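Here's the structure we're looking at; comments come further down.
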2 protein chains.
Amino acid sequence: MDLVRGKQNGAARGARIGDVAREAGVSTATVSRALAHPAQVSKELRERVGAAVAKLGYTPNAAARQLRVKRSRTVLVVTRRRWSAPFFAEVLRGLDAELSAAGYAMVLANFDGDGGNRSRQLVDMMFSGTIEGAVMLSGIVVAAEGRTMLDAGLPLVSLCAAAEGTHTVLTNEAECIVEGARRLAALGHTDFLYLAGPPSNYNERVRWAALSAFFAEPRQAGLRLRRAESGDFSTDGGLLTAQAFLGLSPRPTAVIASADEIAIGFMKAVRAAGIGVPSDVSVLGFDGIEFADFCEPVLSTIRQPREALGRLGARVLIEAIEAPSLPPLSHHVLPSRLDFRASTGPAPAGAAAPRPQAAPAPKRKSARARVPAPAEGR
Amino acid sequence: MDLVRGKQNGAARGARIGDVAREAGVSTATVSRALAHPAQVSKELRERVGAAVAKLGYTPNAAARQLRVKRSRTVLVVTRRRWSAPFFAEVLRGLDAELSAAGYAMVLANFDGDGGNRSRQLVDMMFSGTIEGAVMLSGIVVAAEGRTMLDAGLPLVSLCAAAEGTHTVLTNEAECIVEGARRLAALGHTDFLYLAGPPSNYNERVRWAALSAFFAEPRQAGLRLRRAESGDFSTDGGLLTAQAFLGLSPRPTAVIASADEIAIGFMKAVRAAGIGVPSDVSVLGFDGIEFADFCEPVLSTIRQPREALGRLGARVLIEAIEAPSLPPLSHHVLPSRLDFRASTGPAPAGAAAPRPQAAPAPKRKSARARVPAPAEGR
DNA sequence: TCAACTGATGTAATCGATTACAAATACGAT
DNA sequence: ATCGTATTTGTAATCGATTACATCAGTTGA
């Protein structure tokens, strides 16, 4: 095999289809056909072409082909810094697995709402023909100069978030968090604290909306729900909420975090302050990251099917790309799983007595169920 | 702005350069120049073109441009499943930040040595002109059908690994792990256990080689080093090594893990068996992942500059791509930082007595310093 | 033997930009 | 007025593949 090693940068490298044609003694059309539609070419020529290709180490130029056939077999994946790393890595792996199996390449781009430059890059990419579709792990439809990613008319999939005009792949997070609260209530807890993530985040909104709606039900009148802000899906955010918790009186006995990281940070800080988990306060996280198994105590959590989310997102996108005509937007929901472990237990004896119904109804702060608008994603 | 919304999939979308030229009443050459080299075009025409571009929502077709100018401004990043997720996510972020700032797009592909198909995809990518260079987080130079990624003659950067013929960006991991051992020895420890990652991994080899070479020094004759296999850079692997540890007698008092995940799994398992950390055994991890701060006890570790690794890797690659002539291969080393915290302490009183130098020299198992061959990366 | 048909191959148009080169224009100096 | 130079613009070639269409050879049936 005669490989032309790059001499000068950018110098002519590799063979072109004409070289292969000459070598095999056929026309370029035959070479192209032998490679793309072998059945249309006689066995003999097919072999001659194959030999020439091998000899010259020929690989078709992707740009030229793309220009002609209008397909790049490339999709864009837009991520967001705020994703928790373990969550992110596995979703990405699912996406990659499914995309590469179908022969698609994946362009990865982080988008943190920066000052306009990145936005333009992304929007241009949608319009420049490099991309056949996009998966957004950010929940944001990026816009620049009056155009949005949607305007390019390419299929878009929002993963773990909802956005107008896109296919969506979500989890049943709302039901899960309510189920978590229900289970805690069944353990005798009546005084709850929600550790909120960034309020602009889609998942944060969904979770808070579901939880506060649940506590607003008349049947749950004996339960109280408060809220502490972490500002962030991070362990540091969790430390913050612990400060808030320690300042409360009476102290809630059940804590539901909007992310495992927050819960882990919270647990560490309150235990350092002499509060027992779960003896004094039960803690429930969200996501099911690996380290939920290794903190003290082992964290109860709501496990999201991370790799499956990635895989399904990829499949939905591929289907939309390859559908002969514009398909309707699809919406999928994958189930998460509640996993109660060491960080949750019965309400402590002192506080366990169900709050007397007759007492002046505790003001449920912010119990109105805000319906989350399509907004920032997770 | 008249945006042509994708009608049928694949139907003509958007304006071409000819449309803009007609709209502005100029030639396509002028449009192209107004966009790429504004200085070459008179102010008036520049503005007319700008207006036409805005009106039609024109974005140049990337494939056509690429075909002509032979630049895709796209690089490939090859990852590997075995990377720890938090590590991976931050390195990726550094890469993305630097690449996108320089106007490069990033194609991400996972490579786990699969059965030939993925290899061909990757090698073809190098030869098809889609890619101007690659960063390999895998330490493997992928090969398929007699060609390797190197043969394309494009610049390649190995991150956290070394591979023949590529630029490399490494950390001083060898020195750090030796320094860690030295510090532990200074705390009175004489009996060490190394928790190994996957033996085929480049970093694993470097670390083990450095550590075993250190223990082989005559001056360290009073120290003993054993080795347990985790098989993996994972918490599960850490659990495995804990089994091995519990079976040893006498039990080592100092443990050095080749990854934080392993250390965390190890600590959890030995503590469950009633062993105190650091009262009975000190544990040192490697990487400095976020959760090292949140396990019990807080893990001593060797912090790697993750985002900086990604940024430097990107810069090295960009430089190599944009260098007018083939530059020599560069090799960079970034410093990691030893961070001793709660999981390490003085050797326990019983075992603290320095092993008598005179006693029959303890057999140092596997103390020969294997020089790591370029192999699988981290 | 010829027409009709099938299948394999080649010729040349095409995708949409960039840019070498030519042409046109403006400007200044003599 | 004329020439030379600098600046701006247009014409057309070019990048490297794919594929519509034309051509040609071979087969079959009458």
Side-chain angles (χ1 to χ4, degrees), chain A residues 4 10-50 52-53 56-73 124-125 127-132, chain B residues 4 10-50 52-53 56-73 124-125 127-132:
Chain A
V4 180
R13 66 164 46 88
R16 285 169 261 319
I17 196 171
D19 303 329
V20 177
R22 203 170 315 116
E23 175 74 30
V26 299
S27 72
T28 62
T30 301
V31 175
S32 178
R33 276 191 287 253
L35 264 37
H37 315 284
Q40 292 179 21
V41 171
S42 70
K43 183 148 168 284
E44 200 218 317
L45 289 198
R46 210 186 311 147
E47 278 162 6
R48 290 229 306 269
V49 169
V53 165
L56 300 176
Y58 169 71
T59 305
N61 181 294
R65 155 184 263 142
Q66 209 183 118
L67 175 59
R68 188 61 229 247
V69 302
K70 303 250 184 309
R71 295 218 45 192
S72 62
R73 290 200 152 262
D124 277 354
M125 215 178 239
F127 282 90
S128 72
T130 3
I131 286 300
E132 295 193 48
Chain B
V4 179
R13 63 164 48 85
R16 285 168 261 317
I17 196 171
D19 302 330
V20 177
R22 203 170 315 118
E23 175 74 31
V26 299
S27 73
T28 61
T30 301
V31 175
S32 178
R33 278 192 285 254
L35 263 36
H37 317 284
Q40 292 179 20
V41 170
S42 69
K43 182 147 168 286
E44 200 218 318
L45 289 198
R46 210 186 312 146
E47 278 163 4
R48 288 229 306 268
V49 169
V53 165
L56 300 177
Y58 169 71
T59 304
N61 180 295
R65 155 184 262 141
Q66 210 183 115
L67 175 59
R68 188 61 229 250
V69 303
K70 303 252 185 309
R71 296 218 44 194
S72 62
R73 289 203 153 261
D124 277 353
M125 217 177 236
F127 281 89
S128 71
T130 3
I131 286 300
E132 296 193 47

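Order of the sequence lines sets the chain letters (A, B, ...), proteins ahead of strands, with each chain counted from 1. Fair warning: this is a prediction, and the values are worked out from it, not measured in the lab.
- Within the model, atoms CG of Asp124(B) and OG1 of Thr59(A) stand 5.0 Å from one another, a figure rounded to the nearest 0.5 Å.
- Between Leu56(B) and Glu23(B), the closest side-chain pair of non-hydrogen atoms falls below 4.5 Å.
- Between Arg68(B) and Gly25(B), the one whose closest nucleotide on DNA chain D sits nearer the 5' end is Gly25(B).
- Closest approach of Pro60(B) to Ser128(A), counting heavy atoms only: O-CB, 3.5 Å.
- First and last contacting nucleotides of DNA chain C toward chain A (any atom under 4.0 angstrom from a heavy atom, 5' to 3' order): dA8(C) to dG16(C).
- The side-chain hydrogen bond (donor to acceptor under 3.5 Å, both in side chains) search around Ser72(B) returns none, not counting sequence neighbours.
- When Val53(B), Asp19(B), Val49(B) are each tested for a side-chain contact (heavy atoms from CB on, under 4.5 Å) with Tyr58(B), only one passes: Val53(B).
- When side chains are defined from C-beta on, Val31(A) counts as touching Val26(A), because their heavy atoms get closer than 4.5 Å.
- Listed by chain and number, the residues in a salt bridge (Lys or Arg N to Asp or Glu O under 4.0 Å) with Arg48(A) are Glu44(A) (sequence neighbours excluded).
- Listed by residue number, Ala29(B), Ser32(B), Arg33(B) are the residues of residues 27-35 of chain B with a heavy-atom contact under 4.0 Å to DNA chain C.
- Applying the side-chain hydrogen bond (donor to acceptor under 3.5 Å, both in side chains) definition to pairs two or more places apart or across chains, those involving residues 25-35 of chain B are Ser27(B)-Thr30(B).
- Side-chain atoms of Arg46(B) never come within 3.5 Å of backbone atoms of Ala34(B) as a donor-acceptor pair (strictly under, hydrogens ignored).
- Summary for the helix from dT1(C)-dA30(D) to dT30(C)-dA1(D): the axes at its two ends, each from 5 pairs, differ by 50° when rounded to the nearest 10 degrees.
- The structure places CZ of Arg68(A) at 12.5 Å from CG of Leu67(B), a figure rounded to the nearest 0.5 Å.
- Annotation: side-chain contact (heavy atoms from CB on, under 4.5 Å) contacts of Arg73(A) (sequence neighbours excluded): Arg71(A), Tyr104(A), Glu132(A), Glu322(A).
- If you check residues 37-46 of chain B against DNA chain D, the residues with a heavy atom closer than 4.0 Å are Val41(B), Ser42(B), Leu45(B), listed by number.
- Screening residues 34-43 of chain B for salt bridge (Lys or Arg N to Asp or Glu O under 4.0 Å), with sequence neighbours left out, gives Lys43(B)-Glu47(B).
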